[in-house]
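Working notes for the structure below.
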Amino acid sequence: MLLFDELSADEKTKVARINELTEQFVSADKYVFVTPLWNFSIPPQLKAYIDTICIAGKTFKYTANGAVGLLSDKKAVHIQARGGMYSEGPDFGDRYLRTIFQFIGITDVDSVIVEGMAQMPDQAEKIKEKAILQARQVASSFAKESVRM
Ligand SMILES: Cc1cc2nc3c(=O)[nH]c(=O)nc-3n(C[C@H](O)[C@H](O)[C@H](O)COP(=O)(O)O)c2cc1C
């Protein structure tokens, strides 16, 4: 294992930035993730961010019974746009993010999914209106203080 002091100046700068982002995430009360569905999943930039916030000892810990999330008093919303329909299909975007939230202890999670506007352009307006309505409902519960378990 490399010690921090043994890293190059460039590596130290990068590690310091990763730590800063992890601390920023831990200190927040609420999270809003807005993503497009890319090839059934999330964009690689977000995957890199997830690797920055899933840190043992900070957002989860290992116990004799397995990993336990440490961010139990937080809430999150995931808003995702998808060209096609995936609610009953191979969606690894929303499902993946929800798995990550669960892993780090965030159980109060809502999703707003806008899907199918590219696949069914004639229904695009209707799909958008439905999503806006859902977003308003989610926003009103998201603004409240209490955390659902
Ligand atoms: C690289 C790339 C991959 C995509 N993959 C999918 C996909 O797997 N399924 C899908 O329904 N739409 C896919 N799309 C379409 C986007 O999900 C859709 O355009 C969505 O509205 C993007 O959000 P945005 O309008 O905020 O950019 C893809 C788009 C791009 C650019």
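Counting starts at 1 for both ligands and their atoms, following the listed order.
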Going by ring-ring contact (aromatic ring centres under 6.0 Å, His included), name the residues that satisfy it together with Tyr49, two or more places apart in sequence or in a different chain.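 None.
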Pairs satisfying side-chain hydrogen bond (donor to acceptor under 3.5 Å, both in side chains), at least one member in residues 56-67, at least two apart: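 Residue pairs with at least one partner in residues 56-67: Glu23-Lys58.
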Please name all residues satisfying side chain to side chain contact (heavy atoms under 4.5 Å, CB included) with Lys128, sequence neighbours left out, ordered by chain then number.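 Partners of Lys128 by the side chain to side chain contact (heavy atoms under 4.5 Å, CB included) criterion, ordered by chain and then number, come out as Met117, Glu125, Ile132.
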Close residues, ligand 1: non-hydrogen atom nearer than 4.0 Å: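 Contacting ligand 1 under 4.0 Å are Pro36, Leu37, Trp38, Asn39, Phe40, Ala81, Arg82, Gly83, Gly84, Tyr86.
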Can you check whether Arg17 reaches Thr13 side chain to side chain, under 4.5 Å on heavy atoms?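 Of all side-chain heavy-atom pairs linking Thr13 with Arg17, none is under 4.5 Å.
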Side chains of Ile79 and Ser111: closer than 4.5 Å at any heavy-atom pair?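 No, too far: nothing below the 4.5 Å cut-off.
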Would Lys75 and Asp110 count as a salt bridge (Lys or Arg N to Asp or Glu O under 4.0 Å) here? Give the steps. CA-CA 8 Å; Lys75 50 166 86 174; Asp110 276 309; over 6 Å; no
